[in-house]
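Before any comments, here is the structure.
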Amino acid sequence: MTPPRGTLRRAVGLLDVDRRRVALALLLGTLALGCAVALAGTAAWLIARASQMPPVLELSVATVAVRAFGVGRGVLRYVERLVSHDVALRGMTRLRTTLYDRLAVGRTESLLRLRRGDLLARVGADVDAVGDVVVRGLLPIGVAALLGLLTSVVMCLFWPPAGLALAACLVLAGVVAPALASRGARISEQRAVQGHADMTAAALGLLDDAGPLAVAGRVPTEMTALRTADGQIAEATDRGAPSAAIAAGLGQLAVGLAVLAALVTGIPAVTAGRLAAVDLAVIVLTPLAAFEATALLPAAMVQVHRSRAAAARVLALLDDSAATGGTGGAGSMQDDARRPLPDLVATDLACAWPDGPTVVAGLDLALRPGRSVAIVGPSGTGKTTTLLTLAGLLPERSGTLVLDGAEISHYGREAVAATVLVGTEDAHVFGTTVLENLRVARGDVTREEATAVLDRVALGAWLAGLPQGLDTVLGPDARTVSGGERRRLLVARVLLSSAPLLLLDEPAEHLDPATADALVTDLLRDPRGVVVVTHRLSPLGAADDVLWLQDGRVQARGTHADLRASVPDYRVALELESEGGGTARA
Ligand SMILES: Nc1ncnc2c1ncn2[C@@H]1O[C@H](COP(=O)(O)OP(=O)(O)OP(=O)(O)O)[C@@H](O)[C@H]1O
Ligand SMILES: [Mg+2]
């Protein structure tokens, strides 16, 4: 699975780097290493000349130059680092923003196929790896090429044979060795990138679900998966090691050869009087510094491969989610004047997960502000799947889903989310304050609104008990709140949004029956359009339409009173419930 040609170029294009800054970084890098070479040359000259004990004044310029080059090298290198890292970090921010933008409005089913850790690896480490190509790949290559050329030319001016030998050795160290390293890296990096993604996914799974996995006795299996992924990375690294070692050895060999060539050609020239003895010191010692630039090249080539493999994964994510039905342009809901109340109409809708069997078929449903629909049925019948489909998060398998007069797929993700909002149990609770967690729905939620909505979802007492009230920071991913509190916090968030159609999945889960019924009743009476999935039947008198879902179909529908009168199963479940404890799941 070699990434297609142009993968890296496309990804680097998305970094949208500032060419002038790159050129500046290149110039600064070349000057910094140029100082190192000049330092070696001047120092060699100084030592050699000093041994001839000339008047001290003759040495003073060189002494100052040595100091200037020494200081210049450090300062220039520092400035070069500032500029190049600035370029790279800005680029990564740009690429990551593009990625998040696309993911936010793109097709969600492509994300559903990815494990959380894999997704995290792509938006995290992979984007970094693409950005690193600038600092660790392309710049060192550019600097080495420029500096190698300059040094060889200057050396030729001193003593052409040594200059030519240096050029040949630089090619050995700067082209042959990196090519070798590159060959090893090509295979190993592709494998390592996959290994890293697997490892992140396995580690995250283990950390996230440590409790359930321990109870189920599956920790050893998961640990084995983690070790396998780790082993895969180690194996990939080992595979690349021989080529890398040979490349490093070749680099050293090239330095030795350049020095030897200078000596072998220079000494006879000095004896014959064609070359000054002091210049011999210069041509022998200067090459030592010239190879500083090429020494970075094998690593740079490895970086190029690492970045290319990462680029392929980032682009796959980007392309996958970009294959969407527009971003809202033609399909935005600007024609509100024509149709004041948005409506969502499902006709003969079939709901399913990508690549999975049909979960629910033949669903008809109409939702508009002021209308409430309840969906009930046993566990696993597809209630959640139905909500996700109605919200446009899962593509419909067949039938039609029309939002405001147009197929839902016609709208962009943002436009749909602004009208139909689904609250599911796996929505993310951020490691920030309660208030900020609610403001995810709408940035301008006031403290009063927040307090009121928390009261509404039966979290008033919980809020009162929090040490800093609305400003209490919830732990990472809300590990510090109970399952029920978390669920209702998410319901509160949905309620605060300005979407006119709300889809709520088991909002009263984990509540005691009386509080649960009060909450569901309240939600069903919300003036917006609401679909509530619930396992409590008692409060459904408040719903305009109740759908009894079983075995993948709507088995019965009507008002609460209709169903109680005509559906024996419904009546039994309801009676069990009022006796206490029984639910529609029974
Ligand atoms: N993330 C998923 N990926 C693939 N298939 C899924 C996924 N989640 C659920 N399914 C499939 O969809 C079917 C219906 O599940 P769904 O979660 O919609 O049921 P439910 O009615 O909401 O159940 P519950 O009352 O337990 O929440 C399941 O049997 C399962 O096979
Ligand atoms: Mg469910």
Side-chain angles (χ1 to χ4, degrees), residues 103 107-120 201 204-205 208-209 212 216 320-321 346 349-363 365 373-399 401 420-428 483-484 486-488 490-491 494 502-511 513 516-517 519-520 523 530-540 543 545-557 563 569-570 573-574 576-577 581-586:
L103 291 181
R107 297 189 316 172
T108 37
E109 72 263 26
S110 57
L111 292 184
L112 293 169
R113 295 205 186 95
L114 288 178
R115 284 174 299 170
R116 208 159 80 88
D118 190 4
L119 184 61
L120 203 62
L204 257 184
D208 276 353
D209 302 315
D320 237 25
S321 59
L349 187 69
C351 312
W353 289 83
D355 312 323
T358 300
V359 177
V360 174
L363 183 82
L365 188 144
V373 178
I375 300 180
V376 290
S379 178
T381 31
K383 302 184 293 296
T384 302
T385 312
T386 304
L387 284 197
L388 293 176
T389 312
L390 288 175
L393 291 172
L394 285 176
E396 57 267 36
R397 178 63 47 94
S398 66
L401 182 60
V420 192
L421 197 63
V422 66
T424 54
E425 63 177 314
D426 58 353
H428 193 73
R486 185 191 140 81
R487 177 76 66 111
R488 275 170 289 138
L490 294 171
V491 173
V494 174
L502 307 180
L503 314 176
L504 296 163
D505 198 2
E506 306 260 18
E509 183 101 323
H510 308 291
L511 275 178
D517 292 352
L519 177 58
V520 171
L523 294 173
V530 249
V531 176
V532 177
V533 165
T534 173
H535 62 270
R536 296 279 307 170
L537 305 183
S538 312
L540 299 191
D545 196 10
V546 179
L547 271 63
W548 174 265
L549 218 61
Q550 199 168 5
D551 304 327
R553 301 203 76 84
V554 178
Q555 299 293 348
R557 74 185 301 163
L563 292 182
D569 278 354
Y570 191 85
L574 194 61
L576 275 174
E577 212 172 277
T583 69
R585 290 157 183 271

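Indexing begins at 1, ligand by ligand and atom by atom, following the structure's order.
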Open item on the list: Tell me the closest heavy-atom pair linking Lys383 and Val376, and the distance in Å.
Closed with: CD-C, 4.0 Å

Task: From Gly380, Pro378, Cys351 - option closest to atom 28 (C) of ligand 1 by heavy atom - done: Gly380

Task: Taking every non-hydrogen atom, the tightest pair across Val530 and Leu523 - done: CG2-O, 3.4 Å

- [ ] Kindly indicate whether the side chain of Asp569, heavy atoms from C-beta on, has any atom under 4.5 Å from the side chain of Gln550.
- [x] yes

Task: Donor on one side chain, acceptor on other, Ser538 and Glu577, under 3.5 Å - done: yes

Task: From Val360, Leu390, Leu365, Thr386, residue fulfilling side-chain contact (heavy atoms from CB on, under 4.5 Å) relative to Leu349 - done: Leu390

Task: Lys383: numbered ligand 1 atoms lying under 4.0 Å from its heavy atoms - done: 18 (O), 19 (O), 20 (P), 21 (O), 22 (O), 23 (O), 24 (P), 25 (O)

Open item on the list: If you define the side chain from C-beta out and look only at heavy atoms, does anything of Val532 sit under 4.5 Å from Val373?
Closed with: no

Open item on the list: Less than 4.5 Å apart, side chain to side chain, heavy atoms only: is that true for Thr389 and Leu393?
Closed with: no

Task: Nearest heavy-atom neighbours spanning Pro507 and Val533 - done: CD-O, 3.4 Å

Open item on the list: Heavy-atom contact check, 4.0 Å cutoff: does Gly356 meet ligand 1?
Closed with: no

Open item on the list: Please classify the Thr384 to ligand 1 contact at 4.0 Å (heavy-atom distances, strictly less than): side chain, backbone, both or neither.
Closed with: both

TODO: Would you check whether Gly382 has a nitrogen or oxygen atom less than 3.5 angstrom from a nitrogen or oxygen atom of ligand 1?
DONE: yes

Open item on the list: Return all protein N, O or S atoms below 2.8 Å from the Mg ion (ligand 2), chain by chain in residue order.
Closed with: Thr384 OG1

Task: Proximal atoms of ligand 1 relative to Thr385 (non-hydrogen, under 4.0 Å) - done: 12 (O), 14 (C), 15 (O), 16 (P), 18 (O)

- [ ] Pick whichever of Val376, Val359, Asp505 has a heavy atom sitting closest to atom 13 (C) of ligand 1.
- [x] Val359

Task: Contact check, side chains of Asp551 and Thr381, non-hydrogen atoms, under 4.5 Å - done: no

